[in-house]
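I have placed the structure first, in the form of structure tokens, so that the comments after it can refer back to it.
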Amino acid sequence: MQARFPQKFLDDLPILPKLLLIPAIPFVSLMLFSMMTYLDVQNFIQGEERLTQLYLLQKTAAQYMSAIADEETAFLGYVISENDRYLSRFQEGRRSVMEMDQELEIQLPSQHGRFDDIRALVKKSFLEKEALLQSMVQGNRADAIQYVREGRSRATMHEVRKWMARFDQEQHDMQQQELSRLSYDRTWTRFLILGGGLVTLCFVILALALIAHSIATPLTALSKVVGSTAGQTIPSIPVFDRKDEIGELTTVMKKMSSQIRKDLDEVQQSEAALKKLNAHLSASEAKYRGLVDHAPLGIFMTKGVRVTFSNRYNQQLAGLDSESAVDPEAFRQRMHPEDRDRVFMTFSEAVAAGRPCEIIFRLLQGDGSVRTVLSQRVPIMDLEGPDVIYVGFNIDITTLDNLQLQLRRAEKLATLGQVAAGIAHELRNPLVGIGSTAKVLMDDFESGDPKRKEIEVILSETRRLDRIVNQIVDYARPRRPVPTRIDLNRLAGEVSKMLRLRLEDKHLTIKITISPMISEFTADRDLLRQVLLNIVDNAIDATPPGGSPIEITGHELFREERPGLVIQVKDDGVGIPPELLPNVFQPFVTSGKKHGTGLGLAICQNIVESHEGNIYVTSEVGKGTIVGIWLPLEQKTALERV
């Protein structure tokens, strides 16, 4: 009982009074070892700072090398593709090289003379590339191509890489030296800490001898209990029969361990439920994303008027690559210039009012064709911001629009055909009578008689009326094409010869430029010659005497994966007024010609469309007009058209 009394007394005594019973720890010994340890730690910190400087120097050199490589890549990209995006990247790369160059000049030691050679070499290479790029902008690409083929740029990169390799080796050696020094300092510091701690510990052990058993024993037992428990299991903390802080601590830890075990069980159950929910959400998201991506209509979302999402079919509608990531705003850039402001204004008004919106607009394709799109946009609630979110659906109505146009034209042609048949029947018989009578009367007068000239005018006007009737019939009842192989160069030459007198009267010439890739194609020779004659004749009328040559060009152009050709007739004449340009293919529309019925371009459109092609006109008043015709290289058979 007496043997338990001192131990029980120390166990129940609080820790602070226990420590007050301890003799003073040898202060001098502790301060001495602390000072020595402090000096070694300072040396260690200085070594780490030197190592950090080496790392920053290596990082700057690597960035310098990367900037040079980016500059080289942008240069090669612009030489190959002539894309202005690479030209801006080249200038950005140059600025990065200059910044890294200045940083290396500050960080590198003055004895690093090889870097000055590399700087001069890089500067020389850039000046050469900049001169070549300026030459390319001016239209001379051959020097840049030759420069790349000769590998002069690769030689510069080779020298830079060689310098970088030597520089890395030098820095590596210096790092090894610093690491060796740090290792030595670390070892010496450990020795001081361990040695000083051991000496100090001896003094402390002596001073703590009276309370070691009271404090160390329960803590050791507590540590064993915690250490012997598996990592995923909360240990069961024993409660010591003591009245000091250790006894209170074990009591609190016992309660805490019980509560933690309970909370951990709840967390594990919640985690399992959350994993199951996440798996379900991921599957649902993948399913609905697949439906949106493969939907047969364009689906997009906007925040305000800014497009934030666009599915694959929407990119196909705009003529963009559906397999690559594209900025959703690029869709707006593909809108027809005449529709862009109208669509933006209409949608902005709908967003401001928070109401649905329905718009029809056109999209320009890469091959020059146009798609008509019906866009329906519906607002939904946005809980994260003031902007209204819209879900939009774009539907390709090009086919429907074309069918409606064809139906209207067919109805118009049917009506006009009936009128034309009546006109031909009612006018031709009187015209034949008038012409025959005029010829008989003309024989009754001498060649010098003034009345004979008046009869000649009657005959001339009779023939003109007959031509007008024939043109109306040709427009209303176009004949079916009979395709044959056509040499476009020869056909253009024939048109030029047939119009030779008109060209000589106005002192004009025709310049023919046909690509050898499409010198021959399939079409109705007579009908296509009629089209070219009409278009070139119009160009002669529009061009002033002695003006620039009328150009006839032809080149290959695929449209919707179908091979075809584009024939363009360009003149530098008076041009067509903007208000008249949309109606040039309407019958009886003319732009101020002294002669003609206004049926020429309408008949040309019928002929071109009967060949499964299309015809368009672009013009600017005072600068001239371009008439373009796209035709397939091969005509489909009647069965294929069905």
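On a predicted model such as this, the values are computed, not experimentally measured, just so you know.
- For Arg377 and Phe347, the positive end sits near the middle of the six-membered ring, less than 6.0 Å away and at most 45° from its axis.
- Separation of atoms SG (Cys604) and CG (Asn534) is listed at 4.0 Å; rounding is to 0.5 Å.
- The two residues Val617 and Phe585 have their closest heavy-atom pair at CG2-CZ, 3.6 Å.
- At least one side-chain heavy atom of Ile486 sits under 4.5 Å from a side-chain heavy atom of Thr484.
- One finds a salt bridge joining Arg500 and Glu504 here, because a Lys/Arg side-chain nitrogen approaches an Asp/Glu carboxylate oxygen to under 4.0 Å.
- Side-chain atoms of Ser610 come within 3.5 Å of backbone atoms of Ile607 as a donor-acceptor pair (strictly under, hydrogens ignored).
- Residue Ile299 holds its CD1 atom at 6.0 Å from CZ of Phe393, rounded to the nearest 0.5 Å.
- In this structure, a donor-acceptor pair under 3.5 Å is present between the side chains of Gln568 and Tyr616.
- At distances below 3.5 Å, at least one donor-acceptor pair connects side-chain atoms of Arg340 with backbone N or O atoms of Met335.
- Taking CD of Gln376 as the start and CD of Glu358 as the end, the distance is 4.5 Å to the nearest 0.5 Å.
- In this structure, the side chains of Pro356 and Tyr390 stay at 4.5 Å or more apart for every pair of heavy atoms.
- Nearest approach of Val343 to Phe361, heavy atoms of both residues: CG2-CB, 3.6 Å.
- Contact between Gly575 and Thr625 at its shortest, heavy atoms only, is CA-OG1, 3.6 Å.
- Here the options are Asn538, Ile615, Asp571, the test is side-chain contact (heavy atoms from CB on, under 4.5 Å), and the partner is Val627; only Ile615 passes.
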CA sep, side-chain torsions, deciding dist, call: Arg529, Leu491, side chain to side chain contact (heavy atoms under 4.5 Å, CB included) | CA-CA 7 Å; Arg529 180 168 51 198; Leu491 183 62; 3.8 Å; yes
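- The NZ atom of Lys511 sits 9.5 Å away from the NZ atom of Lys570 when rounded to the nearest 0.5 Å.
- The minimum heavy-atom distance linking Val569 with Ala539 is given by the pair CG1-CB, 4.3 Å.
- Ionic pairing of Arg502 and Asp541 is present here: one or more N-O contacts between side-chain nitrogen and carboxylate oxygen are shorter than 4.0 angstrom.
- Between Asp396 and Thr372 the shortest heavy-atom distance is OD1-O, 3.3 Å.
- Of the inter-residue distances, the one linking Ser496 atom OG with Leu532 atom CG reads 11.5 Å to the nearest 0.5 angstrom.
- Considering Ile629, Thr553, Leu557, Leu631 in turn, Leu557 is the only one that fulfils the side-chain contact (heavy atoms from CB on, under 4.5 Å) rule with Val566.
- Salt bridge Arg525/Glu494: present, at least one basic N to carboxylate O contact under 4.0 Å.
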Given side chain to side chain contact (heavy atoms under 4.5 Å, CB included), test Arg362 with Val373 step by step and report yes or no.
-> CA-CA 6 Å; Arg362 293 165 292 174; Val373 174; over 6 Å; no
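- When the shell of 6.0 Å around NZ of Lys506 is examined, it contains more than 12 heavy atoms from other residues, nucleotides or ligands.
- For Ser348, the side chain to side chain contact (heavy atoms under 4.5 Å, CB included) criterion is met by Val305, Phe344, not counting sequence neighbours.
- For Arg485, the side-chain hydrogen bond (donor to acceptor under 3.5 Å, both in side chains) partners at least two apart in sequence or on another chain are Thr522, Glu634.
- Remark: of the listed residues Ile550, Val574, Asp572, Ile550 is the sole one forming a side-chain contact (heavy atoms from CB on, under 4.5 Å) with Thr543.
- Judged by distance alone, the side chain of Thr346 and the main-chain N or O of Arg342 form a donor-acceptor pair under 3.5 Å.
- The distance from the CG atom of Leu499 to the CG atom of Asp505 is 11.0 Å, given to the nearest 0.5 Å.
- When all heavy atoms are compared, the tightest approach of Ala350 to Cys357 is CB-CB, 3.7 Å.
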Given Leu527 and His611, is the side chain to side chain contact (heavy atoms under 4.5 Å, CB included) satisfied, shown in steps?
-> CA-CA 10 Å; Leu527 291 179; His611 284 78; 4.2 Å; yes
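- For the pair Asp537 and Ile535, the minimum side-chain heavy-atom distance is 4.5 Å or more.
- Atom CZ of Arg490 sits in a sparse spot, with 12 or fewer heavy atoms from other residues, nucleotides or ligands closer than 6.0 Å.
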Could you walk me through whether Val621 and Ile576 pass side chain to side chain contact (heavy atoms under 4.5 Å, CB included), step by step?
-> CA-CA 6 Å; Val621 176; Ile576 302 173; over 6 Å; no
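- For the pair Leu633 and Leu565, the minimum side-chain heavy-atom distance is below 4.5 Å.
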